[in-house]
Number of protein chains: 2
Amino acid sequence: MVTIYDIAAKAGVSAMTVSRVINNTGKISDTTRAKVRRVMEELNYVPNHMARSLVLQQSNLLFLLITDITNPFYTTLARGAEDAAKKHGYRLLFGNSDENVEKEKDYVDTILATRADGVLVAPAGDPSLPHLETLRKHQVPFVLLDREVPGMDSDIVLGDSKEGARKLVDHLTSQGHRRIALINGSPYISSARLRLEGYKEALKLNDLAYDESYVLETAFEPRSDLSEIESWLDRMDPLPTAIVAGNNVLAVEVIRTLHGRGIRVPEQMSLVCFDDLGPYSEIDPFLTVIAQQAYQFGYLGMQMLVERIQERGESGLPWKKIVLPADMIVRRSVAALPLRK
Amino acid sequence: MVTIYDIAAKAGVSAMTVSRVINNTGKISDTTRAKVRRVMEELNYVPNHMARSLVLQQSNLLFLLITDITNPFYTTLARGAEDAAKKHGYRLLFGNSDENVEKEKDYVDTILATRADGVLVAPAGDPSLPHLETLRKHQVPFVLLDREVPGMDSDIVLGDSKEGARKLVDHLTSQGHRRIALINGSPYISSARLRLEGYKEALKLNDLAYDESYVLETAFEPRSDLSEIESWLDRMDPLPTAIVAGNNVLAVEVIRTLHGRGIRVPEQMSLVCFDDLGPYSEIDPFLTVIAQQAYQFGYLGMQMLVERIQERGESGLPWKKIVLPADMIVRRSVAALPLRK
DNA sequence: AAATATAATGTTACCGATAACCTTAAATTA
DNA sequence: TAATTTAAGGTTATCGGTAACATTATATTT
């Protein structure tokens with residue numbers, strides 16, 4: 001590896017002069033600058049980021065931790081974060097925790113070890129608390145995305161999950177549905193809890209009874225094993241006429257399972273969910289969804305993060321919380337039921 | 001930031017002893033080890049990865065550079081790479097170049113600067129050559145994914161693009177199609193070139209004339225502006241009865257454009273493409289595709305990369321090339337045409 | 001002409017860790 | 001008992017940069 005000392009020797013100057021040329025600091029004669037530049041090109045010099053960060057005590061690196069890299073919600077969010085980071089001159093790297101608290105911990109270690117200047121975290125869930133505490137303890141600025149973690153105050157960008165769930169249920173009841181089931185993520189994830197709450201509230205407001213057997217709490221990330229959904233469907237008697245899915249992944253798995261049983265959507269079962277399916281929903285605009293503004297989650301979150309970093313912990317501004325609206329897109333996955341009674 | 005010197009002072013030992021405890025090297029008494037460990041926990045010590053890498057001359061970090069983080073092909077590939085990296089005890093970070101050679105250069109700089117131990121690269125295209133040369137010059141082991149770059153030999157994982165294109169065209173002709181158009185990625189991308197070649201060859205074998213106006217060479221990544229596709233459709237006279245799309249993104253854009261014109265797929269236009277739409281194709285198995293084994297691209301590529309790294313450039317084994325088969329999944333996006341003449 | 005300022009560069013110490021070598025006391029062997 | 005191992009730990013130099021201070025020659029001011 002070529003170092004500034006190699007450059008210095010070949011150019012007949014001191015290492016410090018090379019450093020000055022690289023960083024455009026101090027006073028350097030044009031002759032020397034040109035000479036050093038030439039030698040740098042000749043030897044293909046690349047600065048050693050680690051040595052630099054070590055002495056400067058900052059890395060200029062930012063991280064984005066997402067929980068499911070195959071989910072269009074998070075990849076769109078990533079694009080937003082990327083654009084905002086670039087705008088502010090930061091480098092952004094991604095990590096994928098796979099909704100797995102262990103992997104998340106590994107990434108937090110990597111983040112601390114590489115002395116990242118800040119992190120955007122979509123936490124795996126409530127059990128992420130210790131990781132966030134670690135970040136806080138080490139004074140790494142972070143902004144949470146999509147999910148709150150009880151016990152941890154911070155800047156955060158959220159979607160209006162409760163309102164979203166209410167809208168979905170209201171839409172279903174407006175189409176005549178009265179037996180409405182919910183398949184949701186883990187109760188250790190704040191957004192899942194709020195969606196359940198919104199669901200319950202909307203049922204009550206529509207004079208519908210809450211039936212525990214109509215609710216399945218499982219995982220937000222894709223599973224190859226659909227048996228949990230299968231047995232849930234077996235358990236419900238009578239079957240609901242409509243299902244609310246806590247996110248896009250669950251919606252897809254429900255559809256797969258239903259298709260396996262020859263149940264068609266929406267003819268025999270209506271379905272709505274949170275989060276769109278990415279650009280691919282355009283092929284066949286089918287699912288009625290709460291289309292969260294994924295790109296904004298990333299973009300606004302990154303903006304808050306950069307502000308925090310640049311403020312350098314001096315002022316201790318209060319934590320900011322952005323709640324993005326839950327907009328419903330009505331498409332074709334809900335059947336209108338004949339009014340009964 | 002807590003350092004080993006803080007630990008050492010508080011534990012009443014030397015920094016070297018702390019280092020030994022951390023790395024489980026040398027001989028340390030149980031008493032001392034326990035004492036050091038306790039202090040480390042008390043002070044929430046996290047090793048400084050940069051200082052460590054600086055002296056060890058290796059970072060234990062691997063990178064994966066993809067060109068479109070919103071494309072399920074690449075995210076699935078990323079999952080494969082991740083799993084393989086984890087299996088070998090490496091940390092993996094992601095970068096997204098957005099099919100943009102400039103951004104790709106930034107990432108290459110980051111990679112060099114952080115002294116990554118190796119990189120998995122899906123290159124943006126032929127103009128990526130200088131970046132790869134930079135990596136080579138700095139002796140960073142890398143494995144190419146999905147695309148060849150003329151002028152650069154290396155380990156590589158490819159799909160059988162030519163064969164894939166032939167299969168798609170053959171399938172279309174077998175259904176009676178004789179006017180078959182192609183929308184493809186940039187000719188500066190090897191896979192796009194091979195797909196065009198396969199398309200031409202298959203036309204010839206089927207006794208169909210090659211008509212230049214039936215081919216549109218554009219970009220593989222999503223564009224908000226569909227006017228290029230619009231004017232291509234305007235230009236073709238008569239319209240083709242079927243379109244081959246060079247990847248999933250293009251297929252989606254074609255569908256959007258066609259829908260905008262009230263042209264239905266497959267009733268009025270048949271459509272096939274490379275790469276599946278991720279889990280979401282399961283909702284409505286619609287598009288007939290060449291389903292490349294995205295996960296294997298990442299998994300096998302990572303395996304080759306790790307082998308290269310561990311071999312440490314000593315033996316200079318010949319470059320390895322893995323060509324994954326092009327398997328077609330026939331679904332419903334192709335209409336059977338009545339036989340004419 | 002002497003005093004002072006300034007441009008251009010060099011020297012030294014340090015960031016946080018580890019390798020390589022060194023020291024010391026206790027344990028083992030001859 | 002003297003000689004030799006061994007266990008347990010310390011010292012020093014180094015990785016590749018940069019901040020802070022020092023130096024030198026030239027230019028400017030009085």
Side-chain angles (χ1 to χ4, degrees), chain A residues 1-37 39-40 43-61 109-117 138-140, chain B residues 1-37 39-40 43-61 109-117 138-140:
Chain A
M1 274 290 101
V2 179
T3 73
I4 52 169
Y5 296 98
D6 302 321
I7 311 284
K10 189 148 184 184
V13 297
S14 75
M16 199 56 221
T17 300
V18 178
S19 172
R20 287 188 181 109
V21 171
I22 294 170
N23 298 293
N24 264 311
T25 53
K27 304 185 189 273
I28 303 281
S29 74
D30 290 349
T31 336
T32 313
R33 192 193 317 279
K35 188 169 51 184
V36 170
R37 288 246 169 88
V39 177
M40 274 171 43
L43 300 186
N44 286 297
Y45 171 75
V46 176
N48 186 320
H49 186 260
M50 294 189 275
R52 191 154 194 281
S53 310
L54 194 55
V55 48
L56 292 183
Q57 300 283 38
Q58 63 155 33
S59 66
N60 220 41
L61 281 180
D109 286 346
T110 304
I111 286 164
L112 287 175
T114 57
R115 299 297 190 261
D117 290 350
H138 290 277
Q139 310 189 50
V140 180
Chain B
M1 273 288 102
V2 179
T3 73
I4 52 169
Y5 296 96
D6 302 320
I7 311 283
K10 189 148 184 182
V13 296
S14 76
M16 199 56 221
T17 301
V18 177
S19 172
R20 287 188 180 110
V21 170
I22 294 170
N23 297 293
N24 264 313
T25 52
K27 302 182 189 275
I28 302 282
S29 73
D30 291 350
T31 336
T32 313
R33 191 192 317 277
K35 189 168 51 184
V36 171
R37 289 244 169 86
V39 177
M40 275 171 41
L43 301 186
N44 286 298
Y45 171 75
V46 176
N48 186 321
H49 186 259
M50 295 188 279
R52 193 157 193 280
S53 311
L54 194 55
V55 46
L56 292 184
Q57 299 283 37
Q58 62 155 34
S59 66
N60 221 42
L61 282 180
D109 286 347
T110 304
I111 285 163
L112 288 175
T114 56
R115 299 297 190 264
D117 290 351
H138 290 277
Q139 310 189 50
V140 180

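Numbers restart at 1 for each chain; the letters A, B, ... are given by sequence-line order, proteins then strands. Here the structure is a predicted model, which is why all the values come from computation and not from measurement.
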Look at all strands and tell whether [X] reaches a base, only sugar-phosphate, or nothing, counting heavy atoms closer than 4.0 Å.
X       : answer
B:Ile22 : nothing
B:Thr32 : sugar-phosphate
B:Ile4  : base

In whole Å, what is the span from the [atom1] atom of [X] to the [atom2] atom of [N]?
X       : N      : atom1 : atom2 : result
B:His49 : C:dA17 : NE2   : P     : 12 Å
A:Arg33 : C:dT9  : CZ    : C1'   : 13 Å
B:Met16 : C:dT18 : CE    : P     : 7 Å
B:Gln58 : C:dA17 : CD    : C1'   : 14 Å
B:Met40 : C:dG16 : CE    : C1'   : 14 Å

Practice prompt. Taking salt bridge (Lys or Arg N to Asp or Glu O under 4.0 Å) as the test, write out the residues that go with A:Lys10, two or more places apart.
Written response: A:Glu42

Worksheet, complete the sentence: Sorted by chain and residue number, the salt bridge (Lys or Arg N to Asp or Glu O under 4.0 Å) partners of B:Asp6 (sequence neighbours excluded) come out as none

Fill in: Beyond-backbone contact of B:Val140 with B:Leu112, side-chain heavy atoms, under 4.5 angstrom
yes

Item to complete: Answer whether the closest heavy-atom distance between the side chains of B:Leu43 and B:Ile7 falls below 4.5 Å.
Response: yes

Worksheet item: Which distance, rounded to the nearest 0.5 Å, do you find between the CG of B:Asp109 and the NE2 of A:His49?
Response: 11.0 Å

Item to complete: Measure the spacing between CD of B:Gln57 and CE of A:Met50 and express it to the nearest 0.5 Å.
Response: 8.0 Å

Residues that [X] engages under side chain to side chain donor-acceptor pair (under 3.5 Å), provided they are two or more places apart:
X       : answer
B:Arg52 : B:Asn23
A:Asn60 : none
A:Ser53 : none

Response to the item:
When the rotation axes relating C1' atoms of four end pairs to the next four are compared across the helix from C:dA1-D:dT30 to C:dA30-D:dT1, five pairs an end, they differ to 10° by 50°

Discussion item. Apply side chain to side chain contact (heavy atoms under 4.5 Å, CB included) to residues A:Leu54 and B:Asn48 and explain how you reach the verdict.
Written reply: CA-CA 9 Å; A:Leu54 194 55; B:Asn48 186 321; 3.8 Å; yes

Output a table of nitrogen or oxygen pairs between the protein and nucleotides 5-7 of chain C separated by less than 3.5 Å.
from  : atom 1 : to      : atom 2 : distance (Å)
C:dA7 : OP2    : A:Lys27 : NZ     : 3.0

Discussion item. Going by the rule side-chain contact (heavy atoms from CB on, under 4.5 Å), which residues pair with A:Arg33 if we only count those two or more places apart in sequence or in a different chain?
Written reply: A:Val21, A:Asn24, A:Ile28, A:Asp30, A:Arg37

Worksheet entry | Test side-chain contact (heavy atoms from CB on, under 4.5 Å) applied to B:Ile4 - qualifying residues, sequence neighbours left out | B:Ala15, B:Val18, B:Ile22, B:Tyr45

Between N or O atoms, less than 3.5 Å apart, protein on one side and nucleotides 25-28 of chain C on the other: list the pairs.
none

Worksheet item: Should A:Gln57 be listed as having a side-chain N or O under 4.0 Å from OP1 or OP2 of C:dG16?
Response: yes

Mind listing the closest non-hydrogen atom pair of [X] and [Y] along with its distance?
X        : Y       : answer
B:Ala116 : B:Ser59 : CA-OG, 3.4 Å
B:Thr17  : B:Thr32 : CG2-CG2, 3.9 Å
B:Arg115 : A:Met1  : NE-SD, 3.4 Å

Discussion item. Students should find this one: the first and last nucleotides of DNA chain D, 5' to 3', lying under 4.0 Å from a heavy atom of chain B. What are they?
Written reply: D:dA7 to D:dG16

Discussion item. When you measure only distances, ignoring hydrogens and angles, does the side chain of A:Arg115 come within 3.5 Å of the base of C:dG16 through a donor and an acceptor?
Written reply: no

Worksheet item: Do any of residues 5-15 of chain A sit with a heavy atom less than 4.0 Å from DNA chain D, and if so which?
Response: A:Tyr5

